[in-house]
Amino acid sequence: FLGWNSEKDGSGISYSDQQLFTYDKTKAGETIYLYAQWQQPNTLYHIGIAMNYADEGFMMIYRQVIQAYYDDLNAQVSGNYYQLDFVDARWDADCQLSQVKDFINQGYDALIIQPVNSNSAALFSEVDASGLPVVYINRVPTDYIYTDRSCYVGTDWREIGPAQGELVYQLHDHGDINRDGKVSYV
């Protein structure tokens, strides 16, 4: 508890705890409001985001969206603040493993990882051993046993591929828009 203030946002006249408040008799009949002022616990969370290739179209959008989401959280008066640090492995699994180890060694609070390889046992075991919460995105980790501190957010392409094929087949031209016997796509 910091004290009292004549304005909700703390920009008015401040009064300390148990300070004597003298009522101005010239303002008789006027309601006086004093607002309790509390110090928010300032907790800074460091989130390491390891991308396999940040210049890829979808991942560029993803980066903008996640940054905007955390910027909005930081703008709220919750007392929690988030610092995002992005790294780009540029399709190099060894580089990504090194980047993730750096996040862990620097004491980051959580990780978001788009694995370069979906079967990167070295990466998965390093993260699990750290005990950090992790969200794997956009690439399903194969043969990975999820813990209470890990999850995957994305699509299972083994299901989406056939579903897309069925949708294309239902089109009047079955996706062969220029009639050359091949499915056309952009």
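Legend: residues meeting salt bridge (charged side-chain N to carboxylate O under 4.0 Å, His left out) with Asp148, ordered by chain and number and at least two apart, are absent. With sequence neighbours excluded, the residues satisfying side chain to side chain donor-acceptor pair (under 3.5 Å) with Asn5 are Ser14. Residues forming a side chain to side chain donor-acceptor pair (under 3.5 Å) with Gln96 (at least two apart in sequence, or on another chain): none. Annotation: side chain to side chain donor-acceptor pair (under 3.5 Å) contacts of Asp71 (sequence neighbours excluded): Gln67.
Residues Ala89 and Val116 come closest through the heavy atom pair CB-CG2, 3.9 Å. Of all the heavy atoms in Arg139 and Pro115, the pair that sits closest is NH1-O, 2.6 Å. When all heavy atoms of Glu7 and Gln37 are compared, the pair lying nearest together is O-NE2, 3.6 Å.
Heavy-atom neighbours of Ile145 CD1 from other residues, nucleotides or ligands within 6.0 Å: at or below the threshold of 12. When the shell of 6.0 Å around CD1 of Ile13 is examined, it contains 12 or fewer heavy atoms from other residues, nucleotides or ligands.
When hydrophobic clusters are built by joining Ile, Leu, Val, Met, Phe, Trp and Tyr residues whose side-chain heavy atoms come closer than 4.5 Å, directly or via intermediates, Val153 is grouped together with Tyr69. There is no path of hydrophobic side-chain contacts, each under 4.5 Å, that joins Phe86 to Trp91.
Applying the under-4.5 Å side-chain rule to Ile, Leu, Val, Met, Phe, Trp and Tyr, the cluster around Phe103 extends to Val87, Leu97, Val100, Ile104, Tyr108, Leu111, Ile113, Leu123, Phe124, Val127, Leu132, Val134, Tyr136, Val140, Tyr144, Tyr146, Tyr152.
The OG1 atom of Thr43 lies 9.5 Å from the CG atom of Asp109; values are rounded to the nearest 0.5 Å.
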Can you give me every donor-acceptor pair (side chain of residues 45-61, partner residue at least two apart or in another chain, under 3.5 Å) with its distance?
unit_1, atom_1, unit_2, atom_2, d
His46, NE2, Gln83, OE1, 3.4
Asn52, OD1, Gln114, NE2, 3.4
Asp55, OD2, Arg90, NH1, 3.1
Asp55, OD2, Arg90, NH2, 3.2

